Amino acid sequence: MDERDYTSLYQRAVAGPAPQQTLTQSEAWLGRAQRVIPGCAQTFSKSFRQYVRGVSPVFLERGKGCRVWDVDGNEYIDYVQGLLPNILGYAHDEVNAAVTAQIARGHSFSLPHPVEVQLAERLQRFVPCAEMVRFGKNGSDATAGAVRAARAFTGRERIACCGYHGWQDWYIGSTTRHRGVPGAVRALTHPFPYNNLPALEKLLTQHNGEFAAVILEPVNFAMPAPDYLQEVKALARCNGALLIFDEICTGFHLGLGGAQKRFGVTPDLACLGKAMGNGFPISAILGRADVMQIFDDIFVSFTFGGEVSAMAAAMKVLDVLEQTDALARMEASGRCLQDGFNALAKLAGLHPRFECVGFPAWSLLKFRDATGQDSFLERSLWQQEVVKRGLLQLVTHNLTAAHDTTAIEETLRAYAATFKTLAGWLADPNPARFLEGPMIEPVFRVRG
Ligand SMILES: Cc1ncc(COP(=O)(O)O)c(C=O)c1O
């Protein structure tokens with residue numbers, strides 16, 4: 001699509017709120033959940049509070065490819081994809097067949113299974129830092145394991161971190177959701193800002209010789225400044241700390257070798273998760289052999305660490321990613337969406353207030369108020385209108401190989417109508433009056 005296509009799409013779009021869909025079953029399930037499940041979800045990002053209540057589904061019933069159906073039978077193109085894992089889309093036939101075949105032969109064994117070795121060998125081939133590999137189930141298993149390994153290897157306790165790294169004490173204690181984490185643990189984790197070398201340097205010298213590791217997402221939605229990752233590595237090295245790349249999100253969405261391959265910087269350790277198993281739970285710690293050997297000594301050991309149905313899924317995911325054009329298609333669809341979002345925002349006079357940034361296969365939607373500050377009102381109005389037009393979306397485009405041209409075109413039509421609607425609403429002195437439910441709530445409070 002080019003500028004002319006976007007202009008004609010925008011011209012044809014009709015402004016005004018989309019009709020509400022039936023959500024009676026979702027609301028009924030929410031009522032039941034409220035009595036038995038605190039928060040009504042197992043992950044904050046799946047909570048009904050992340051969507052505009054009353055216009056958004058709360059419970060999904062099934063998914064296929066890039067689409068899901070809620071418990072009322074409404075269909076959506078899903079840009080959340082289980083919070084990123086479904087890189088090939090829901091219910092991928094080949095992945096499911098590989099898992100079914102494994103399940104038929106057993107999957108929680110009493111001794112290791114050869115697929116553990118096969119998967120480790122395979123990751124070793126294309127992830128630059130992967131001399132050895134250990135597996136887990138959640139991303140948090142991988143980041144907590146890597147941090148413990150770094151502490152044991154260096155004999156130090158402090159950790160410098162940048163980005164989100166999961167729910168375990170060592171990390172979550174450094175956020176505003178730290179209730180329940182001992183102060184002594186919280187004091188050992190020090191967040192630092194991305195793309196700001198002096199800040200990291202200052203932090204490391206403040207506690208000279210005490211840092212076990214510098215852990216960061218090598219990239220998410222802002223590109224690293226030239227040489228930034230190389231310089232972070234040099235700083236860590238110079239301070240005797242290990243460098244850990246948290247590639248839970250970048251792993252596979254940015255290519256098989258992750259961000260470390262793309263940016264040519266090899267960390268001491270890296271963490272993978274999310275997309276590895278196309279939704280089956282599997283994560284990994286990968287890294288330098290001399291550091292990884294420490295796992296023989298430290299306690300990172302749990303019942304389902306060697307569960308192999310998810311490893312069978314991961315082997316099939318790797319087959320598909322290696323042997324087909326899946327990643328290239330994700331990139332092409334993602335680029336079309338990103339360009340389309342930005343072009344339509346411009347046509348509505350709402351760019352850069354509404355902006356799509358980041359990588360095509362994993363991009364971020366920015367919603368800002370008139371002063372340029374991130375805004376939950378703008379985000380809520382956007383989500384309200386796109387969900388009624390059949391798009392399930394948080395603040396990212398989590399592309400899968402199943403997002404085909406039809407889905408992308410449908411999405412851009414919904415975007416055009418939403419932008420045209422919001423252009424009018426945001427010119428109103430009180431745009432909040434167009435909200436049809438409570439505003440979305442942040443997961444983490446802003447530090448005051
Ligand atoms: C960069 C990053 N690291 C770690 C995690 C934790 O992974 P999990 O939720 O699978 O424990 C996440 C989850 O969103 C993540 O985005």
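This is a predicted model, so every value here is computed, not measured. Both counts, for ligands and for their atoms, begin at 1 and track the order of listing.
Under 3.5 Å, the side chains of Y76 and Q21 contain a donor-acceptor pair of N or O atoms.
Outside the 6.0 Å centre-distance limit, the rings of Y90 and W69 are not counted as a close aromatic pair. A ring-centre distance under 6.0 Å is found for Y171 and Y164.
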Which pairs of N or O atoms, one from ligand 1 and one from the protein, are separated by less than 3.5 Å, and what is the distance for each pair?
{"residue": "ligand 1", "atom": "3 (N)", "partner": "Y164", "partner atom": "O", "Å": "3.2"}
{"residue": "ligand 1", "atom": "3 (N)", "partner": "D246", "partner atom": "OD1", "Å": "3.2"}
{"residue": "ligand 1", "atom": "3 (N)", "partner": "D246", "partner atom": "OD2", "Å": "2.6"}
{"residue": "ligand 1", "atom": "10 (O)", "partner": "G139", "partner atom": "N", "Å": "2.8"}
{"residue": "ligand 1", "atom": "11 (O)", "partner": "G139", "partner atom": "N", "Å": "3.3"}
{"residue": "ligand 1", "atom": "11 (O)", "partner": "S140", "partner atom": "N", "Å": "2.7"}
{"residue": "ligand 1", "atom": "11 (O)", "partner": "S140", "partner atom": "OG", "Å": "2.6"}
{"residue": "ligand 1", "atom": "14 (O)", "partner": "K274", "partner atom": "NZ", "Å": "2.9"}

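Seen from the ring of F44, R177 counts as a face-on cation partner, given the 6.0 Å and 45° thresholds.
Under the side chain to side chain contact (heavy atoms under 4.5 Å, CB included) test applied with N398, the options I87, L84, D78 reduce to a single match, L84.
Atom NZ of K261 sits in a sparse spot, with 12 or fewer heavy atoms from other residues, nucleotides or ligands closer than 6.0 Å.
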